[in-house]
Participant: 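First the structure, which I've put down as structure tokens, then a few questions once you've had a look.
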Amino acid sequence: MSTSAPNLTSGEPPPLRPAIKYDDDRDRAPDSSTASSMKAVQIAEPEPDPSSPEETLHKRQFSAGIAKRLSGRSPMPATNSSRSSLLSQPSLEALTDLSKTTSPPQSQLDQGSSHTHRRHRMDAVGERIIAQVADWLEHERVKRQNRKAKRAHGSRKKHQRQEDEASGSQSAIPARRFSIDSQSSEVSLDRLQKIIDDSMSSLGLSAIPHHSPRLGRKSQRRRSVQMHRTQSSDTEFFDGDVLVPGCDGVLDNSKTLSYLGGSAVTDETASTSKRKEEKERKAWLIFKSEIIRLTHTLRLKGWRRVPLDSGDSISVTRLSGALTNAVYVVTPPENMMGKPEPGKKNPAKLLLRVYGPQVEHIIDRENELSVLRRLARKQIGPRLLGTFANGRFEQFLNAITLTSEDLRDPDTSKQIAKRMRELHDGMELLDNEKYEGPAVLKNWDRWLVRVSQALTFLDAKITTGTPGPPGNPADAWKERGFICGTDWPTFKAMFDRYRQYLFDRYGGHEIVRGHLVFCHNDTQYGNILRVRPDDKKSPLLQPNYEHKQLVVIDFEYAAANVRGYEFANHFSEWCYDYHDEERSYACNVSNYPTPEEQYRLIKSYVNHRPEYPHPGASTPVLTPLATPTMGPSTPSLGPATGGSTSSIVEFMLDARVPPGGWKEEEKRREDQAEDQINSLLEETRLWRPICSAMWIAWGIMQAKIPGFDPEATPGDTRDGLPSAATGQEEEDEGDDPGFDYLRYAQDRAMFFWGDCVSLGLVKLEDLPEAVRKNIKMTRD
């Protein structure tokens, strides 16, 4: 910009000159209206209006920040992530400084210190710009020299003919007036060099400054220290949060629930297809085509190379064992499983999870996705790749699912305990999770209305003597009477009595909140995988890390609970075999772990010392010997955030021998660990009834009850029986024959009553005969 002012005294406006300076401008005489030389552009100022007070005011000029001048990024939205909390203090200071510079009083603008500070920032930015342009200029000159060297090897005759044709075309076509000659690129680079030299002179620089072309490097370095964590290759982060693509698509799997279909179609299978199977084959083809469409929409890495019309070339297999969702393994076409092409990535296997139709009122999906993002920051569980309206894609792990027999294996049981400890200590609870208390009670209270409606409806069918004959396996519960063993009001009264007893043992709700940790809450064998290492050099094969081969999945019910609930739930899952073709619903208490097996697992939990790569990855909640203690009769539970029992003196080489010698100290620690183990065993027994109660409610929520409409108004039923409009429930299909949720709830209720008898809340002889006959009690 020119620093001279146009002549405004004469009546005529000053003549305007073109914005670009040409070679012939050197011969022109300088205009008398300009007092100094112009670099590039001169724009005439409009005549000031004396009547306008705005023209007489001093014009404020503020320098934009570096990021605003040189970056096209929009401001990042505010977030409540852990990273934003770390940066909250610097951010507030930056905003304070910004407010001071954007709205200063007039007197402060004239101070020399403020002007010097802004001038220094402008000079620093100018030096960076000069350094970047100089680097680019040098790069262009090298490229041009290389290009000339290649041309020199060409034919001189051909080169001469091209020059003649070029000169002829230039003579025939008039040159453009308002542009630099396209054939004078060397002159353009020389002019750019002249601009750099003039700018260096104006800034007082004798040599080109050496600045990194990446602006904001200092800020990025600070940010990298605060955000230091091990990130997976396919996980993307934004401001500390995991970026997971999502869409509103819906995947219909109602016709693809079988465990045999979904394989890739080959010539052999297509030729042997029967007419009876043609309909199912078409359903699977549509299902697989929709899967590919979703992978394209979510931009899953590598899957956009799979054509949309290649549904018959991918393989989709449903996995067994999942009760809440339908889980599939999606395998890409075989021709894309080998070595990828240069610069391209082959699609990887995916784990597809389609939510069940009866779980929208059971699971809070927004909370589940929030938990999965928190787990991703800690590198816990498989990565979340993409979500849609009724499901999600997850990372497929090269692993095998544990079986019911694996839980009884001593080594596997110890490894499960270690992984539990790492989850409990590695995941911090949010403030609202602590305030809301145990998640198991939260679920019970949230499901209570619907469960009460369903059980009132089912109890009425029993009390009126019109349950109807069992029309299919899903109606087998009718032969055993009430779902809860007693009518719903009696069961509800017993639960309320147990709930009060539970908090009395702890001494109040606040003490219970102090013992909450982040629990999985569903550690059945189908939710635990064992990763198969790819090579013999894998760290997972080392003795210290062998337990990390176990990966826990399905965090749908993960939330805050006490440790005793986690153990009670896991030990109860020893009683189930969900792959039993005849009695997958049955609770076989004879398989409940013996006191020795319980002791072995909890001892491994107490003695395990989790290792974390750095403080930013996980913050242990407890030291190995800070587990809360509970007496056999009256619990005395310490908070979950108990401090370490160790002292710095213990790590000093010249520390004095403790009283009694090291053997006495070692014995003291062993006794302390023994007390903690016994306390956790007692806490496990204390929380086992509420564990059964929650899964009873879960089974009723999952069940498809013919004739029952939870949204119906009270006028739609009479004495708990369905009206005539819904009187044909006996002909309905009822539950999916794959799993009998009502029988599951009915069998689990017998376990609940057995624990209430063990705790002394009710006498066995006071229970109905049907309950006494089928009650389930453990050996401990």
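This structure is a prediction, so every number in the text was calculated from the model and none was measured.
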Participant: Say whether, by atom type as modelled, one donor and one acceptor occur between the side chain of E683 and the main chain of G564 under 3.5 angstrom.
Facilitator: yes
Participant: Return yes if some donor-acceptor pair links the side-chain N/O of W574 with the main-chain N/O of N588 below 3.5 Å, else return no.
Facilitator: no
Participant: Measure from the side-chain N and O atoms of Y578 to the backbone N and O of Y525, and report whether any donor-acceptor pair falls under 3.5 Å.
Facilitator: no
Participant: For the side chain of T456 and the backbone of S452, is there at least one donor-acceptor N/O pair under 3.5 Å apart?
Facilitator: yes
Participant: Taking M427's backbone N and O only, do any of them form a donor-acceptor pair with R374's side chain (distance below 3.5 Å, no angle check)?
Facilitator: no
Participant: To the nearest 0.5 angstrom, please state how far the CG atom of L385 sits from the CG atom of L351.
Facilitator: 9.5 Å
Participant: Could K492 and D496 be called an ion pair, given the rule that one side-chain N must be under 4.0 Å from one carboxylate O?
Facilitator: yes
Participant: Is it the case that over 12 heavy atoms from other parts of the model lie below 6.0 angstrom from the CZ atom of R446?
Facilitator: yes
Participant: Under a 4.0 Å threshold between the charged nitrogen and the carboxylate oxygen, would D445 count as salt-bridged to R499?
Facilitator: yes
Participant: Check this for me: does any side-chain nitrogen of one of E368 and R353 sit under 4.0 Å from a carboxylate oxygen of the other?
Facilitator: no
Participant: Considering non-hydrogen atoms only, spot the tightest contact between N521 and A559 and give its length.
Facilitator: ND2-N, 3.2 Å
Participant: Rounded to the nearest 0.5 Å, how far apart are CG of D747 and CZ of R583?
Facilitator: 6.5 Å
Participant: Counting only heavy atoms not in K548, do more than 12 fall under 6.0 Å of its NZ?
Facilitator: yes
Participant: Does NZ or CZ of R563 lie under 6.0 Å from the centre of the six-membered ring of Y605, at an angle within 45° of the ring axis?
Facilitator: no
Participant: Tell me whether H547 contacts the main-chain N or O of A417 through its side chain, where contact means a donor paired with an acceptor under 3.5 Å.
Facilitator: no
Participant: Looking only at atom types and distance, does a side-chain atom of H570 sit under 3.5 Å from a main-chain N or O of T523, one as donor and one as acceptor?
Facilitator: yes
Participant: Just by distance, do the side chain of S572 and the backbone of A568 share a donor-acceptor pair under 3.5 Å?
Facilitator: yes
Participant: Regarding R688 and T778, is there a side-chain donor-to-acceptor distance under 3.5 Å anywhere?
Facilitator: yes
Participant: Do R392 and Y355 pair up side chain to side chain, a donor and an acceptor below 3.5 Å, judged on atom types alone?
Facilitator: yes
Participant: Roughly how far, to the nearest 0.5 Å, is the CG atom of N561 from the CG atom of L429?
Facilitator: 9.5 Å
Participant: Determine the interplanar angle of the F751 and Y592 rings, folded into 0 to 90°, and report it as parallel if under 30°, tilted if 30 to 60°, perpendicular if over 60°.
Facilitator: perpendicular
Participant: Under the 3.5 angstrom rule, does the side chain of K442 hit a backbone N or O of E436 as a donor-acceptor pair?
Facilitator: no
Participant: Anything under 30° is parallel, anything over 60° is perpendicular, the rest tilted; go ahead and classify W695 against Y557.
Facilitator: perpendicular
Participant: Whether the T403 and D406 side chains hold a donor-acceptor pair (N or O, under 3.5 Å, no angle test) is what I'd like checked.
Facilitator: yes
Participant: I need the single residue from W444, W447, Y744 that forms a ring-ring contact (aromatic ring centres under 6.0 Å, His included) with W698. Which is it?
Facilitator: Y744
Participant: Counting the benzene-type ring for Trp, do F388 and F393 have ring centres under 6.0 Å apart?
Facilitator: yes
Participant: Under 3.5 Å, side chain of N527 to main-chain N/O of D522, donor-acceptor pair present?
Facilitator: yes
Participant: According to the interplanar angle, ranging from 0 to 90°, do the rings of Y498 and F752 count as parallel (below 30°), tilted (30 to 60°) or perpendicular (above 60°)?
Facilitator: perpendicular
Participant: Just wondering, more than 12 heavy atoms not from R532 lying within 6.0 Å of its CZ?
Facilitator: yes
Participant: Between R772 and E769, is the salt bridge (Lys or Arg N to Asp or Glu O under 4.0 Å) condition met? List the steps.
Facilitator: CA-CA 5 Å; R772 294 198 305 267; E769 181 181 356; 5.1 Å; no
